[in-house]
Every structure is written in C-alpha cells, then in structure tokens.
J.: 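Next up is a structure, given as structure tokens.
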Amino acid sequence: MRVLVTGGAGYVGSVAVEELVRAGEEVLVFDNLSFGHREAVHPVAEFVYGELADAQAIDGVVANYKPDVIMHFAARSLVGESVSKPFLYLRDNVNCGSNLFESAVAHGVDRIILSSTANLFGEPDRIPISEDEPIRPGSPYGESKYTLERSLQWLERMFGVRYACLRYFNASGASPERGEDHDPETHLIPLVLQVALGRRDHITIFGDDYATVDGTCVRDYIHVTDLARAHIAAMRALDHGSRTYNLGNGRGFSVREVIETAREVTGHPIPAIVGPRRAGDPAVLVASSDKIHREQGWQPEFADLRDIIETAWHWHSTHPHGYRE
Ligand code: UDP
C-alpha cells in the first residue's frame, strides 16, 4: 500500500514510518520540519518538505502520490502551550487537518488514520479510561484533536471515508534508531534522562500532594514502537470499517516511580526537587486498551516501565544531543 504520513519526521510519526517500511509498505513523508528532524525519516521513505497550512502544497502531494491511506501525525501537541495560546491550536491544528482531509476527499483517498490524544479525557470519571468515557477535552489541544475526530465522522457519513482515531496516552521509549528529541523538551522521561546525561542539574517534580500512591501524578507510558504497531493494526482493520481506540499499556506509573526506575537503569543519582503542581495536570490518567486488544489482538510488547526507560536511555546515550550531531 502507498501511505502518506504527515509529521513523519516527528517522534511518533518517524517510528510509525519505520514500522511501515518494515511491513513492506511504500511511504511518503510530508513534514515542515518545525518539530521533526530530517534525519529521523527512514531512508527508504520518500520525503517532501511542505506546510499543511498551504492547502495547494498538500493538495498537489495527495494528487500526485495517490496514497491508499493517510496517517496524520503532524500537529502542535503541547498541552501547556495550548492553554496559553489557544488559537494557535484551535486554528492551526484544525486548519491543517482540514486542508489534508479536503484533499483526501477531492482525490478519492478513503482511509485516514488520525493521531488523537488522552487529553480528550480532561477529567475522567473512571480509570482505566475506555473509549466510551465522556469526552471533556482538558485543553485547547485536546479540543483541536476532538474537532478532527468529529470531522472524520462527517467524512464517513458524506463521502464514505473509513477512519481510525488513535488516542495516545504518554508516548515514550525509543526504537534503536529513532527517539524523542523536542526543543524545548517538556516530557518527563527525556527530561529525567537529560539529568543522567549531565545536561540538567535536577528534575522538578510537579507536585507531590495528589491523591495517588506516593502523591505524584500517575500516567500510562506507552512505548512508541507499540504505538506504531497499533497504527498498522488499525490500518489493516479499516477493511472492516472505522474505529476508535485508546492506546496505553493499561498500567500507571507515578512520577517518582519513573525517576526511581531511571536511577536504576542509568546508575545516576538523578536529583529531584519537588515544585508546585503544573496547571491542568489530572492526578491519574491510565488507558484501557481492552478494545484494540479484543478486536485486533494488539497488546504492548514493552509494558514494563523498565523496558521503556531502557530503550529511551539507549537512544539518548547514543544521541546525547538528539538528531543534531
Ligand atoms: N512532570 C514532572 N516534571 C517535569 C515534567 C513532567 O513532574 O519536569 C510530570 C507531569 O506533571 C505529569 C507527568 O510528569 O504528571 C508526565 O508529564 P509529561 O509532560 O511527560 O506528559 P503529559 O502527561 O503531560 O502528557
């Protein structure tokens, strides 16, 4: 199959491309390299530099490449930034996605896979969070993804497009060649590993007075390769209709557990300081991935926090300055 991957130079997108290539699919990556890295794109994949905000640019690529499937990863994805700059998210993520979807429809592409987010569940009633949990986006970022999910439902009704919405919990870990390289970095595991690499003095724990096992927030860390494989499972399943899945490993780990495991893996003391809570952080976010397990037989291969941190540590210690060297 021919797969057009937007954001295929980014963290999750680049590992999805790696898995698509491994599965024998033909891949074209469309990316503006604003957050991604050219070096992250698998050498076998075709690369086109371009802006999704430029409707003509993406329309030309869809028209020429004639993909069978589109995987849409490209987006702004910082929850905190979206709270301080809501229109950047409500406008740009929705506008870019709409340009892409409009081109898909115009050129008869009827299969779309969307990167969505656990941030759809800002205040979950039940943990673990299943697909029928009420949607209450926790931020403008979550709202922008929800708008795109809803758009796909309309595309199905009006044009027969089949879609998969994949709601990621905390993407983490690395493949041997591809890892997490954001600037600025805001995510817990890479920040903790930067301390172990001597690039930071300490990690700040954002609050230790939550109603959790040790007072720190609990999150569901899912390995990026497991996420990538879920995209391939979802792509194959589109033959039988549209679907929406929550993707996590079903187990929660606290911030302190992450830091302690990173100490064991790296052998570095990783000093930690407790700071104030970060605005908008719910105490616990853990996914139920029962649905994709039941329907597609998917389950995480790297369900252990130690395995996840070991793969991330391998990548960060072999790429101490990310893709920049
Ligand atoms: N966190 C922290 N210190 C940091 C970065 C993150 O304590 O320097 C916490 C954050 O409050 C959250 C968890 O680590 O509870 C995971 O945060 P991350 O930003 O990695 O992902 P999120 O859950 O926000 O998507």
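Atoms within each ligand, like the ligands themselves, are counted from 1 in listed order.
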J.: Write out the residue and atom name of the closest protein heavy atom to atom 2 (C) of ligand 1, then the distance separating them to 0.1 Å.
T.: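 Nearest protein contact, heavy atoms only, for atom 2 (C) of ligand 1 is Phe206 CD1, 3.4 Å.
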
J.: Under 4.0 Å, heavy atoms only, figure out whether ligand 1 is touched by the backbone of Leu188, its side chain, both or neither.
T.: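 Looking at Leu188 and ligand 1, atoms from backbone and side chain both fall under 4.0 Å.
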
J.: Near Asn170, which atoms of ligand 1 are under 4.0 Å from a heavy atom of that residue?
T.: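 So the answer, numbered in order with elements, is 16 (C), 21 (O), 22 (P), 23 (O), 25 (O).
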
J.: I'd like to check Ser175 versus His223 (side-chain heavy atoms, cut-off strictly below 4.5 Å). Are they in contact?
T.: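 Not in contact.
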
J.: Between Lys291 and Glu133, does at least one N-O distance fall below 4.0 Å, as a salt bridge requires?
T.: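 Between Glu133 and Lys291 there is no salt bridge, as every charged N stays at least 4.0 Å from the carboxylate O atoms.
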
J.: Within a distance under 4.0 Å of any heavy atom of Cys217, pick out the atoms of ligand 1 and give their elements.
T.: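 Atoms satisfying the 4.0 Å criterion: 15 (O).
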
J.: Hey, is Ile203 touching ligand 1 through its side chain, its backbone, both or neither, going by heavy atoms under 4.0 Å?
T.: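 Just the side chain.
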
J.: Is the number of heavy atoms from other residues, nucleotides or ligands within 6.0 Å of CD (Gln56) greater than 12?
T.: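 Counting other residues, nucleotides and ligands, CD of Gln56 stays at 12 neighbours or fewer.
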
J.: Applying ring pair (Phe, Tyr, Trp, His ring centres under 6.0 Å), can you list everything that pairs with His37, at least two apart in sequence or on another chain?
T.: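 Testing His37 for ring pair (Phe, Tyr, Trp, His ring centres under 6.0 Å), a comparison that skips the adjacent residues, returns Tyr323.
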
J.: Check if Val255 has a non-hydrogen atom at a distance under 4.0 Å from any atom of ligand 1.
T.: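 Yes.
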
J.: Taking C-beta and beyond as the side chain, do Arg277 and Tyr210 meet within less than 4.5 Å on heavy atoms?
T.: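 A side-chain contact under 4.5 Å exists here.
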
J.: Between Lys145 and Glu149, is the closest basic N to carboxylate O distance under 4.0 Å?
T.: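 Between Lys145 and Glu149 there is no salt bridge, as every charged N stays at least 4.0 Å from the carboxylate O atoms.
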
J.: When you measure from atom 11 (O) of ligand 1 to every protein heavy atom, which one gives the shortest distance, and what is it?
T.: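 That would be Asp281 OD2, 2.5 Å.
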
J.: Heavy atom to atom 23 (O) of ligand 1, shortest distance: which of Arg219, Gln194, His202, Arg277 holds it?
T.: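 Nearest option to atom 23 (O) of ligand 1, by heavy atoms: Arg219.
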
J.: For His187, which part has a heavy atom under 4.0 Å from ligand 1: side chain, backbone, both, or neither?
T.: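 Both parts.
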
J.: Specify the protein heavy atom at minimum distance from atom 17 (O) of ligand 1: its residue, its atom name, and the distance to 0.1 Å.
T.: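 So the nearest neighbour among protein heavy atoms is Arg278 NH2, 3.4 Å.
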
J.: Below 4.0 angstrom from a heavy atom of Thr186, which ligand 1 atoms are there? Numbered from 1 as shown, please.
T.: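 Counting atoms of ligand 1 from 1, those under 4.0 Å from Thr186 are 5 (C), 19 (O).
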
J.: Keeping to residues at least two apart or across chains, list the side chain to side chain donor-acceptor pair (under 3.5 Å) pairs with something in residues 93-102.
T.: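 Pairs touching residues 93-102 that pass the test: Asn93-Ser144.
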
J.: Which atoms of ligand 1 have any heavy atom of Tyr221 under 4.0 Å away?
T.: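 Contacts of ligand 1 toward Tyr221, numbered from 1: 13 (C), 16 (C).
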
J.: When you compare the side chain of Val258 with that of Ile309, does any pair of heavy atoms fall below 4.5 Å?
T.: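 The answer is yes; the side chains approach within 4.5 Å.
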
J.: May I ask you to list the atoms of ligand 1 that are less than 4.0 angstrom from any heavy atom of Thr204?
T.: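 So the answer, numbered in order with elements, is 2 (C), 3 (N), 4 (C), 7 (O), 8 (O).
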
J.: Assess whether atom NE2 of His107 is packed by more than 12 heavy atoms of other residues, nucleotides or ligands within 6.0 Å.
T.: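 Enclosed.
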
J.: Take atom NZ of Lys85 as the centre, draw a 6.0 Å sphere, and report whether it contains more than 12 heavy atoms from other residues, nucleotides or ligands.
T.: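 No, not enclosed.
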
J.: Heavy-atom contacts with Ile205 under 4.0 Å: which atoms of ligand 1 show up? List them by number with element.
T.: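 It comes down to these atoms of ligand 1: 7 (O).
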
J.: In ligand 1, which numbered atoms sit nearer than 4.0 Å to a non-hydrogen atom of Leu191?
T.: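 Heavy-atom distances to Leu191 below 4.0 Å select 8 (O).
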
